[in-house]
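Okay, structure first, notes after.
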Amino acid sequence: MSSRFTRIILMTDDDRGLREFTISHTMVWVLGVLGLLLAGLLLYIFLSYGELLGEARQTRRLAAELDRTRAEVAAVDTLQAELRAMGAMQQQLLTMLGIETAPVDTGLGDGHQPDADPLSRLADVVMTRPPDAWPAAGFITQEFTEGEVHRGERPHLGLDIAGPEGEPILAAGDGLVVRTGTDPFLGNFVEIQHGMGYLTVYGHCRQVAVARGAEVRRGQIVAYMGATGEASAPHLHFEVWQHGMAVDPRRFLQGEPPQP
């Protein structure tokens, strides 16, 4: 009959001699199972720890990427704010110079936008010379006068140039058409913005030949002479304004207008 116990003998280095232990087979089996469970538990802990380390590294990497993304978003927000500020400054400057960025009035109701960039058009206008070309052929019938309202003298803020009906009206200088329309006094009119804050006005036109937003060159036809508005005969009422003040056009025009 086999023994149900296992004998363990230990030899020591001291004078106590041998030591003997007896353990049952059941206890050996239990200790073996416990050892396997402990080994499995240690292996599980080791693997779990490695996985946690990997997740921790991934978390740190994602956090760094999130910080970079936030920094990039903040930079984009700052750039957008700067662009908005620049756009507002541009619009303010354009408005000060009388250059509007609204759709060009083509008369077709299509809301067509001018092809040129507002800043490019602004540069073209700012660099132009003052309006110094006669705007029409004919004869001067009334000079510029500021008038004396307190004495009942009505101001006349431009030159009247009389000529044949349909005589071409020319741009007095390079510029940008900022307004066209009809006025009770001027009738059909055109306004052109030039460099250095100059603005020219062409009134009593029979027909306007340019649209708002159009770039024009010195000597280009912008309208045709007529008698619209407060006019008893065909003539051009021509005004020059500088920084919002009407000035005598003869300050810029040489001699007399050419004959038709």
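Because the structure is a prediction, the values reported are computed rather than measured.
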Query raised in the report: side chain to side chain contact (heavy atoms under 4.5 Å, CB included) between Q242 and M245: does it pass, once the steps are laid out?
Result: CA-CA 5 Å; Q242 183 179 21; M245 297 291 294; 5.8 Å; no
Query raised in the report: Which salt bridge (Lys or Arg N to Asp or Glu O under 4.0 Å) pairs, counting each pair once, include a residue from residues 218-232, with sequence neighbours left out?
Result: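 Output for this query lists D132-R218, R154-E230.
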Query raised in the report: Applying salt bridge (Lys or Arg N to Asp or Glu O under 4.0 Å), which residue pairs with at least one partner in residues 180-192 are found, sequence neighbours left out?
Result: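 Sorted pair list: R179-E191.
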Query raised in the report: If you group Ile, Leu, Val, Met, Phe, Trp and Tyr whenever their side-chain heavy atoms sit less than 4.5 Å apart, what else falls in with I221?
Result: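 L170, Y224, listed by chain and number.
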Query raised in the report: With clusters built from Ile, Leu, Val, Met, Phe, Trp and Tyr whose side-chain heavy atoms come within less than 4.5 Å, directly or transitively, what are the remaining members of the cluster of L42, listed by chain and number?
Result: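 Reading the cluster by chain and number, L42 sits alongside L38.
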Would you say the side chain of [Y] lies within less than 4.5 Å of the side chain of [X], judging by non-hydrogen atoms?
X    : Y    : result
E239 : V247 : no
V216 : I192 : yes
F189 : C205 : no

Query - side-chain hydrogen bond (donor to acceptor under 3.5 Å, both in side chains) partners for T182, two or more places apart - result: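 Applying side-chain hydrogen bond (donor to acceptor under 3.5 Å, both in side chains) to T182 gives N188.
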Query - Pairs touching residues 238-260 that satisfy ring-ring contact (aromatic ring centres under 6.0 Å, His included), sequence neighbours left out - result: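 Of all non-adjacent pairs touching residues 238-260, those that pass ring-ring contact (aromatic ring centres under 6.0 Å, His included) are Y198-F252, Y202-F238.
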Query raised in the report: Looking at residues at least two apart in the chain, or sitting in another chain, which of them share a ring pair (Phe, Tyr, Trp, His ring centres under 6.0 Å) with H156?
Result: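 Counting only residues at least two positions away or on another chain, H156 forms a ring pair (Phe, Tyr, Trp, His ring centres under 6.0 Å) with H237.
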Query raised in the report: Would you say the side-chain atoms of H235 pair up with the backbone N or O of I161, donor to acceptor, closer than 3.5 Å?
Result: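 Checked: no pair found.
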Query raised in the report: Ignoring hydrogens and geometry, is there a side-chain-to-backbone donor-acceptor pair from E165 to G163 under 3.5 Å?
Result: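 Not a single qualifying donor-acceptor pair exists.
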**Report entry** Q193 side, atom CD; T200 side, atom OG1 - distance, nearest 0.5 Å
**Finding:**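 OG1 of T200 is found 8.5 Å from CD of Q193.
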What pairs with [X] under side-chain contact (heavy atoms from CB on, under 4.5 Å), at least two apart in sequence or on another chain?
X    : result
P184 : none
R250 : W134, I140, E143, L159, D248, E256
Q254 : none

